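This report refers to the structure that appears directly beneath it.
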Amino acid sequence: MSKPDLSVNIAGIALRNPVMTASGTFGYGEEFSEYVDLETIGAIITKGLSLRPKAGNPTPRIQETTGGMLNAIGLQNVGIDAFVEQKVPFLRTVSTPVIANFFGNTVEEYAELAERLDRIPEVAGVEINISCPNVKHGGIVFGTDPKAAYSVVKAVREATIKPVIVKLSPNVTDIVEMAWACADAEADALSLINTLTGMAIDLKKRRPVLANVTGGLSGPAVKPVALRMVWQVARAVKIPVIGIGGIMSGTDALEFMLAGASAVQVGTANFLDPAAAQRIATEMEQYLEDNGIADVKELIGALEV
Amino acid sequence: MSKPDLSVNIAGIALRNPVMTASGTFGYGEEFSEYVDLETIGAIITKGLSLRPKAGNPTPRIQETTGGMLNAIGLQNVGIDAFVEQKVPFLRTVSTPVIANFFGNTVEEYAELAERLDRIPEVAGVEINISCPNVKHGGIVFGTDPKAAYSVVKAVREATIKPVIVKLSPNVTDIVEMAWACADAEADALSLINTLTGMAIDLKKRRPVLANVTGGLSGPAVKPVALRMVWQVARAVKIPVIGIGGIMSGTDALEFMLAGASAVQVGTANFLDPAAAQRIATEMEQYLEDNGIADVKELIGALEV
Amino acid sequence: MQFRSTIISNQEVSPGYFRMRLTAPPELSGASPGQFIMVRVRDAIDPLLRRPFGIFDVGTIKSEFPGLGSATYFEILYKVVGKGTEALSDYHHGDHVDVIAPLGAGFDLGDPAEEKILVGGGVGIAPLYYLARTLVQRSRVRFFLGGRTRDDILCVTEFERLGVETYVATDDGTLGDRGLVTDVMERHIREDGRPKTLYACGPMPMLKAVADIARRTATPCQVSLEAYMACGMGACLGCVVKGKGHSDDTPDYRCVCKDGPVFTFDQLKWV
Amino acid sequence: MQFRSTIISNQEVSPGYFRMRLTAPPELSGASPGQFIMVRVRDAIDPLLRRPFGIFDVGTIKSEFPGLGSATYFEILYKVVGKGTEALSDYHHGDHVDVIAPLGAGFDLGDPAEEKILVGGGVGIAPLYYLARTLVQRSRVRFFLGGRTRDDILCVTEFERLGVETYVATDDGTLGDRGLVTDVMERHIREDGRPKTLYACGPMPMLKAVADIARRTATPCQVSLEAYMACGMGACLGCVVKGKGHSDDTPDYRCVCKDGPVFTFDQLKWV
Ligand SMILES: Cc1cc2nc3c(=O)[nH]c(=O)nc-3n(C[C@H](O)[C@H](O)[C@H](O)COP(=O)(O)OP(=O)(O)OC[C@H]3O[C@@H](n4cnc5c(N)ncnc54)[C@H](O)[C@@H]3O)c2cc1C
Ligand SMILES: Cc1cc2nc3c(=O)[nH]c(=O)nc-3n(C[C@H](O)[C@H](O)[C@H](O)COP(=O)(O)OP(=O)(O)OC[C@H]3O[C@@H](n4cnc5c(N)ncnc54)[C@H](O)[C@@H]3O)c2cc1C
Ligand SMILES: Cc1cc2nc3c(=O)[nH]c(=O)nc-3n(C[C@H](O)[C@H](O)[C@H](O)COP(=O)(O)O)c2cc1C
Ligand SMILES: Cc1cc2nc3c(=O)[nH]c(=O)nc-3n(C[C@H](O)[C@H](O)[C@H](O)COP(=O)(O)O)c2cc1C
Ligand code: FES
Ligand code: FES
């Protein structure tokens, strides 16, 4: 049998395979280049960018939990200018599509960033983070209120002709309602889930472990919630869905595709295994081969319920 | 040093220690009596009761996940009549307070059940399940809409003079809003969290693992989310809060108390270790002793942020 | 009972199949054939839930040194299928695991005068060995053992050593007859003609075939089921199967862990 | 590099402290003192994250058999404090772990002519041994070692065997002087008077004391920090510390894993 076809196309971005690296867990790509062949990854999603450099939260910022981890990085990033100067030159040397994740505090900031990113040829598409739970101002309201989400996505949509992916927060009563709002605002694709808001406590010190008190939960612990939300959303919208949450193996990734995801993102797994994205793509290919499936696209939404 | 005081009082129910067994994970108490000394537990919470016996969902109903498990039992239970005839006689032989967890499909059913339970002297208090995510009709709407929650709690409040605990669902955007609605309706206490809605997929079969497609996630995987919600709610309401979610050890239980819980419930841990509740109470006592804390109540809400 | 158990031995008896002997309190000698155990594979959270296994045998070892008394042990026979059984297969002599046992309702030993027919498929023979050892003391016992291939046929010698007449069939004919062992068994029942009791444990399709034969030949039949379990003690209601009277309107669920794992075939709904 | 490593030995050198020797690819010989490794303690999800450890030593073993060449190894020295280190302490010769190494920026070896002062607290001596072994080839080295009690004082003989003059102090006086080793060190600096470079690794209060002495005596000083880490390669931004210029308005965070773990004391903000 010839090699199975792993390629997918997300809103016009052609990916050699469905495995992307999730924002904030893979730096700007370069950090991992010693450990993983970047040319084997579907797409690289950058650490969330803001207009100006952002310091992030005080430390401690991370804590392991059962089957997962909490982070409250607070969106520390170099800012769009430094991104262009310091990070893009390296990304230019890689043929893998680069998707720029970004966030703002106001609709105007989101639009301005989208416009800036629109002008960077190395950026294949943008992913709007409307869901980061760590920032007190802005951010969170866009991710939990469908009207606010609509307006920010609309503004970004008008500011760029590049594919627009909206990344959804799981900390909502009704994820489908959020998905609809973003689809209505003409998002090209949705990615989910971002982290679940959680907390860890140090009994001895009688203090929260994280300086920020709460943080975002990621890793295999959240996979069942992510899978459920991807399944709900993929059935409800017509635009492609990208599955994220606790993906550690090719099996996990293919489960997300059965649930309706057209592609996936790998986050926490990069910390355990810096070559995780490459390995997961290989495992997917192996599974397809072993099971005589010629094209991974056959599996998208193929869940029988 | 004399033995530390572990007793707490939840809305008039005196507990010898803060460790209760969570609904649906401890049967009606009798099932576990061979493995755990029921006289060492703070309170026993029964499997959720309905007016008529309920069959529950088709199988498979459970699936292990990373650090947790999914269940879609579908609230199978013997019904209130059989509870009185078959389960209460045994519970009468135990001095530990019994709290009856129950649910209905309508406000009227909730009220009728509350009235029935009000007349059972062996029932020390009731816990309203407005949060079970497995039932298609009723249930879920009460748990995610503050107005619906208010009306069901109000109706139960008027139907019984026994302490009323409302058990909250974590599948909401704003848990505090739900807590306020219940407090406004004069709930005596709140317990949280119930399970997070999740899903598991069998890649080979291309089917959901659970016959019900989705199920409720419990166990240590959800602890960070539970801890965060307990902390949010305990700061926002004046009534006592009972912490639930992934508690496996005395340390876990005390962390929930620091976050503001006046007591805790142990669920999934009972499956791993049928004596979990007793062990956890002992571990709490040991911690207090080792750290010269005379009264566990000193720790309630003692988190420094 | 819940007890900390020491592993005495853990041997691969066929590729992917292990037989493990563990210490137990003396009371476990009272376990009935067909009952099962739940073992906490590690004291960690991965795997989270206990794993259920049939009791393959129970016995006592006398100490070599007079005066030191004797020790009770039990055995399980298991197939490596996932992370729990994989972790089990790594255990060595002297390691410890936490065990709950005995659980569930075992086999009814029936009328001693009647011949007993045991039918096992693959690792489904696990509870049948202890059953056979108990039954041979009072009844004539025949054992029909099926599997996909030769490597799935376990412990034939052990059964024969009990004086049990053993028939083997494999799907691919690599051991015994080629084909379904249930066909061989049905032939025996029909040819022999005398009243018998059937005991079966194995994969669902085999149990269905056995139940079908039981119905057609009007032979009493007990089957031992498996189900995904969380608690093992009738509390979580995760492990239920459909009882005889089950329909969407008149639901009738039975707990495999508490009402079973052994059921008479007519207690269940066979779809 | 990411590589599968075989454990050569794993010995408890003092109650609760272990020294582990592991195989490595030849390239690891190029690691600088002060660099660290991240080890995946189990190939499972508990613990989930890798654990960071300083490189205690790197070397090559020549095969006893001529022609078989030599093998590179490295060592870590660790204290059992939680589930990751507990799991590590259970490993035996021949077991495997997944390792990423070398990571981070190591120590600057400084001017060979100046005396080098190493200060270690408890298990904080781990990266200092490899440093000392490298430094003694060019410079005079003194080592000041502190700990709570006798059991926390490790590897004195190993340092002395390198020709390093070693001073010990314990909080309870059970070994060496009673009191803080930093006081002993300060006295030495002041009495000796000649230019020196300080290298410190240990608990935060000790590092603060060392940084303070460095400032007061105008001695160049490098410290090796610890931080909770997820990635170890500068990507997650979980491990940051406040740099010199940090304030709420002009935030200046440095990655311990990438910019460090070794910093000169004046790169950091000491509160
Ligand atoms: C009462 C009872 C007695 C049993 N006796 C034996 C025995 O004597 N010997 C033996 O080898 N096995 C026996 N089993 C099955 C055994 O419990 C499972 O094979 C084991 O739990 C799998 O664990 P795992 O972690 O290795 O597999 P997992 O990684 O959990 O799963 C691997 C595969 O096995 C399936 N599986 C998992 N658990 C069960 C289960 N409880 N029942 C059926 N399928 C399951 C899963 O769906 C999956 O496809 C028994 C089961 C029950 C309920
Ligand atoms: C660059 C670097 C080098 C290190 N070198 C060594 C070394 O050579 N020898 C050695 O024994 N230890 C060293 N450590 C510390 C070591 O990484 C931790 O002790 C270890 O990760 C604890 O894992 P655990 O699972 O046993 O503990 P956990 O169960 O994770 O935690 C137990 C306790 O240790 C604390 N802790 C956990 N991780 C860290 C961490 N990364 N840094 C500081 N405290 C932590 C926790 O807050 C908790 O109080 C180093 C740390 C870093 C960052
Ligand atoms: C340390 C860390 C930093 C993250 N930073 C970002 C970010 O900047 N922007 C964003 O949209 N998501 C961020 N995320 C969320 C991840 O992209 C991903 O949605 C989440 O971790 C769930 O996937 P996982 O379970 O595979 O990790 C971050 C996650 C982690 C663990
Ligand atoms: C098998 C199972 C059945 C449950 N049944 C009920 C129920 O009937 N009513 C209810 O309010 N909660 C029910 N729950 C939820 C638990 O009471 C508890 O809220 C949840 O499991 C989280 O706690 P844990 O992580 O300690 O298990 C059930 C949970 C499990 C695992
Ligand atoms: S396994 Fe819990 S009821 Fe049977
Ligand atoms: S540990 Fe991830 S940036 Fe340092």
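Both backbone and side-chain heavy atoms feed into the values below; hydrogens, waters and symmetry mates do not. Since we're looking at a predicted model, the values are computed, not measured. Chain naming here is simple, since letters A, B, ... match the order of the sequence lines and numbering starts at 1 in each.
Using a 4.5 Å cut-off between heavy atoms, A/Asn270 does not touch chain D at all. Within the 4.5 angstrom heavy-atom criterion, no atom of A/Glu30 approaches chain D. Proximity to chain D (any heavy atom under 4.5 Å) is shown, for A/Pro60, by neither the backbone nor the side chain. For a residue to count as touching a neighbouring chain, one of its non-hydrogen atoms must lie under 4.5 Å from one of that chain's; by this rule A/Pro53 does not touch chain D. Only the backbone of D/Met229 comes within less than 4.5 Å of a heavy atom in chain A; its side chain stays farther off. Residue A/Thr66: no heavy atom, backbone or side chain, is found under 4.5 Å from chain D.
A salt bridge links D/Arg51 with A/Glu64: at least one charged nitrogen is closer than 4.0 Å to a carboxylate oxygen.
Across all their heavy atoms, A/Thr59 and D/Val240 have their closest contact at CG2-O, 3.1 Å. Of all non-hydrogen atoms in D/Cys236 and A/Ile62, the two that sit nearest each other are SG-CD1, 4.5 Å. D/Leu237 and A/Ile73 get closest at one heavy-atom pair: O-CD1, 3.5 Å. Among all heavy-atom pairs drawn from A/Phe271 and D/Ala230, the shortest one is CB-O, 3.5 Å. Looking at every heavy atom in both residues, D/Met1 comes nearest to A/Tyr35 through N-CE2, 3.5 Å.
For D/Arg148, the CZ atom is loosely surrounded, since the number of other residues' heavy atoms within 6.0 Å does not exceed 12. Residue-environment remark: NZ (D/Lys83) exceeds the threshold of 12 foreign heavy atoms within 6.0 Å.
The candidate with the highest count of non-hydrogen atom pairs below 4.5 Å against chain D, out of A/Ala275, A/Ala221, A/Gly219, A/Pro58, is A/Pro58. Interface check for chain D: of the options A/Gly27, A/Pro220, A/Pro274, the most heavy-atom pairs under 4.5 Å are formed by A/Pro274.
Taken from CZ in D/Arg50 to CG in A/Asp273, the straight-line distance is 6.5 Å, to the nearest 0.5 Å. Distance check: A/Gln76 CD to D/Cys255 SG gives 6.5 Å after rounding to the nearest 0.5 Å. Put simply, SG on D/Cys231 and CZ on A/Phe32 are 5.5 Å apart, with the number rounded to the nearest 0.5 Å.
Both tests hold for A/Arg61 against D/Tyr253: distance to the six-membered ring centre under 6.0 Å, angle to the ring axis within 45°.
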Would you sort out whether D/Leu48 and A/Thr268 count as a side-chain contact (heavy atoms from CB on, under 4.5 Å), showing the intermediate values?
CA-CA 9 Å; D/Leu48 188 74; A/Thr268 303; 4.0 Å; yes

